[in-house]
Number of protein chains: 2
Amino acid sequence: MDGQVAAGTRIEKVMANVRQRIASRSLVPGARLPSVRALAKTMQVSTSTVVEAYDRLVADGTISSRPGSGFFVSGPLAPLSLADIEPQLDRAVDPLWVSRQALDDGSVLAKPGCGWLPASWMPQEALRRAMRGLARADAALLTDYGNPMGLLPLRQLLSRRLAEHGVQAGASQIMLTDSGTQAIDLLCRFLLQPGDTVVVDDPCYFNFHALLRAHRVKIVGVPYTPTGPDLALFEQVLKDHQPRLYITNSAIHNPTGARLSAVSAHRLLMLAEQAGLTIIEDDIFADFETQAAPRLAAFDGLNRVVQIGSFSKTLSASVRCGFIAAPMAWVEALTDLKIATTFGGTHFSAALILSLLTDGSYRKHVEALRQRLAATMPEVAGRLRSVGCVPWIEPQAGMFLWCRLPDGVDAADVARRALSRQVVLAPGNVFSSSQNASGFMRFNVSQMAGPQVMTVLAEALQQTPESCRL
Amino acid sequence: MDGQVAAGTRIEKVMANVRQRIASRSLVPGARLPSVRALAKTMQVSTSTVVEAYDRLVADGTISSRPGSGFFVSGPLAPLSLADIEPQLDRAVDPLWVSRQALDDGSVLAKPGCGWLPASWMPQEALRRAMRGLARADAALLTDYGNPMGLLPLRQLLSRRLAEHGVQAGASQIMLTDSGTQAIDLLCRFLLQPGDTVVVDDPCYFNFHALLRAHRVKIVGVPYTPTGPDLALFEQVLKDHQPRLYITNSAIHNPTGARLSAVSAHRLLMLAEQAGLTIIEDDIFADFETQAAPRLAAFDGLNRVVQIGSFSKTLSASVRCGFIAAPMAWVEALTDLKIATTFGGTHFSAALILSLLTDGSYRKHVEALRQRLAATMPEVAGRLRSVGCVPWIEPQAGMFLWCRLPDGVDAADVARRALSRQVVLAPGNVFSSSQNASGFMRFNVSQMAGPQVMTVLAEALQQTPESCRL
């Protein structure tokens, strides 16, 4: 073992030496490298060490080998683009702006505007164990395209899990996708034509806006109440716009944390039936629930409601896997569409998730998450109130607090000021199709640890004369 | 056999009748269909024929069944069914048919029709080692959404690898995607509108047809020669159809194994320049090359050519990760589109692939693959010749042999017969927009080990009187 480590270090030393000579231009692009024997002698290492070092440098493209004539410095490389320096566009109320800021992997202080939990809240050990387990899997699982519907045992397990929420979907009605977002995208492709009208909640998850824009459809918002969409206005929208589709989260609504009531669910489905409306129910926050909310897909029996989900929020956003539970009549055509647009399955990610779901670690993990969020939520709500941000409701579960800012404060201004101090916030209007949420902000309570975040927020909330002019 | 064929025809007749009545609006969405008994009487077929026809129409979403009350015309949905856009009564020459058969994870004897290598040819040990390594990675890598452009070190490495093929693309011009197919799909979304015209090679990779159908565009094929597309006809198509886009594989052409010549590349790009045509160069077989072919993206400098690739064919199709090397001006908008439609990055898969590319194992593996394919190709070609299948050209590299079948033999018939004996073949017309390749078949030489495959093929090639009537 020690010998192996030392050999590894020697190989790295040789690699570093070559890289340094390239960086200092003592070896220019196209130049021939010293022979293996010569460099081994110079650096007092074995020839096998140099061979391995050169192999790795070939593999990462630093150098290339020409059989019979040796190794050469790769080049010429493309010039560094100015875009590599990342110009910060001011798109403070653009749905994609918050996504960009939140997804940026540069070092920021905090991301209360993002829609996921910190890495430290995720089941790292279970993930590592599952990966080690998968390293022993069948060759076919490691290398082949999977079945286009997705790994059957995971679909069977999802079928049982959905049944716990009252959603009756056989494994043959469940299709795995690369992510929850991709699931919605696939359904939109299946259901929509450019120019169609789609109803969303106002406010709703901001990426619904971005996604629907990509489908070139008209978006109409219906105000969301603490128990679901405003049904009188919903009915009016159905009459006025003949929408084709409604996209919503019913269990824990994003961004408000509201919970659909049974009576709203029932009335909504009756309206949908009359109007021939299809509904996508994005149930991505299902496992955060402490009390089961009604599911549109459960009431409707997957007739005109299709449900999607994923484990990005509770397990890993890096291991991509989502799913669709669809009316049976759609499955064949959806499968064709999935093959046409992504070809393979999600074999590897699906196997990883299956392993975590079946070894018991997932259940314990989500229980711990729910408790941690239940403890964090009132604590953060108190801190937010102390700086004048008042939660619209007290959500029963989840990670989001939808807060009204102090009178006259514009959330986009606050977000811009906070970003200049490395804090990413989610201003209300990115969630709002009517753009009437400029006095609101969505806070992710799991992303607000430490005193500095609240300090930055408190100061960003203070309108200075300069910021008024923004 | 005769009885079955006749039954199949009767079922299709009933289905066509129902479809025709829906198309002519004599049956409107929501309308109740005639009872099974009534339609059987009208059409003078058995009730079981009508039951089967209705079942199939339910399966494809044309009609739906409400238990106890009969069958109804689906609606008011008109979901995007790829099958409806270009109705193919015969699935055997449908591009999606071959995909379905090949991707099906049921146990078949062999899949000479599929487009990938057997699991046993893939670098299993390296994959397992990389996975064990990844089990020790940072928590953020294991759990967070990645940067939407994708893992920077992998993009930097891809930049250097592309430079070896003469394609100058900085890391900021390279975006990771969930797969090569998803890369093309994203570009099609970016570049195309419904109704646009797209040029493909005839023959071309069959999933291009399926993918383009999903984008509701018009497909025009240009015959492919051993050195590239027929340029006179290409020029004519540009004049007659004003296509927006051309999609091709230039390095090792799928299905023919042909190799674009430098003069064809140059002339093609001049024609593209004159016509304002954009080109997607799918370079997914790049690492199989033994002699470097000209790349359109290299000649053009990523101006009007965008290149895509992935490691599905050489590393693992289960670990999903592809990439796009795009003109710089497109990058911002493509990133927005990627966020909107898939949200996160490909963090985990990208890290796994990066690890395999940098530890030296990838280079050794692909060298071994090239040698193995170089040995297998002439051997399989000889066996194919012995049953009357003659390679159109002798490809310099890759896994495909595009063969002309004996005179008068229909490839779709052969594929159907072989499938009944658990051998999946790829009949020529699934690759052909003009449907003039019924006398051709694409064989994957890596998937033809063992004597049984050739026996099944040889027997399937023998036309029996029954099969002539198919």
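Lettering of chains follows the sequences in order, A, B, ..., and the numbering in each one begins at 1. These numbers come from a predicted model, not from an experiment.
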| For chain A, which of B/C188, B/A139, B/G360 has the most heavy-atom pairs under 4.5 Å? | B/A139
| query | Taking every heavy-atom pair that is under 4.5 Å apart, which of B/T335, B/L162, B/L337, B/L354 has the most such pairs with chain A? | reply | B/T335
| task | Show your working on side chain to side chain contact (heavy atoms under 4.5 Å, CB included) between A/R136 and B/M131 and close with a plain yes or no. | result | CA-CA 9 Å; A/R136 295 186 295 270; B/M131 288 172 63; over 6 Å; no
Supply the atom-to-atom distance [X] [atom1] to [Y] [atom2], rounded to the nearest 0.5 angstrom.
| X | Y | atom1 | atom2 | value |
| --- | --- | --- | --- | --- |
| B/S361 | A/D55 | OG | CG | 10.5 Å |
| B/F343 | A/D185 | CZ | CG | 14.0 Å |
| B/D336 | A/R213 | CG | CZ | 8.5 Å |
| A/E332 | B/R56 | CD | CZ | 12.0 Å |

Using heavy-atom distances under 4.5 Å, tell me whether [X] contacts chain A through its side chain, its backbone, both, or neither.
| X | value |
| --- | --- |
| B/L352 | side chain |
| B/D359 | backbone |
| B/Q193 | both |
| B/R128 | both |
| B/L142 | both |

| request: Step by step, work out the side chain to side chain contact (heavy atoms under 4.5 Å, CB included) result for A/L211 and B/T341. | output: CA-CA 6 Å; A/L211 177 64; B/T341 57; 4.0 Å; yes
| Residue A/D138 versus chain B: region with a heavy atom under 4.5 Å | backbone
| Given a strict heavy-atom distance threshold of 4.5 Å, which part of A/I339 is in contact with chain B: side chain, backbone, both, or neither? | both
Considering only heavy atoms and a distance below 4.5 Å, find which of [options] pairs most often with chain B.
| options | answer |
| --- | --- |
| A/Q124, A/M328, A/R216, A/R129 | A/R216 |
| A/S120, A/A137, A/P118 | A/A137 |
| A/V331, A/L57, A/L134 | A/L134 |

Considering all heavy atoms of both residues, which atom of [X] and which atom of [Y] are nearest to each other, and what is their separation?
| X | Y | value |
| --- | --- | --- |
| A/T342 | B/S179 | O-OG, 3.7 Å |
| A/N207 | B/A340 | ND2-O, 3.2 Å |
| A/V58 | B/R363 | CG1-CD, 3.0 Å |
| A/T143 | B/M122 | CG2-CB, 3.4 Å |

| said: I'd like to know whether A/S318 forms a side chain to side chain contact (heavy atoms under 4.5 Å, CB included) with B/Y145, so could you lay out the CA-CA distance, the side-chain angles of the two residues, the decisive distance to 0.1 Å, and finally the verdict. | reply: CA-CA 5 Å; A/S318 180; B/Y145 289 96; over 6 Å; no
| request: Indicate yes or no: at least one non-hydrogen side-chain atom of A/F348 is less than 4.5 angstrom from one of B/S349. | output: no
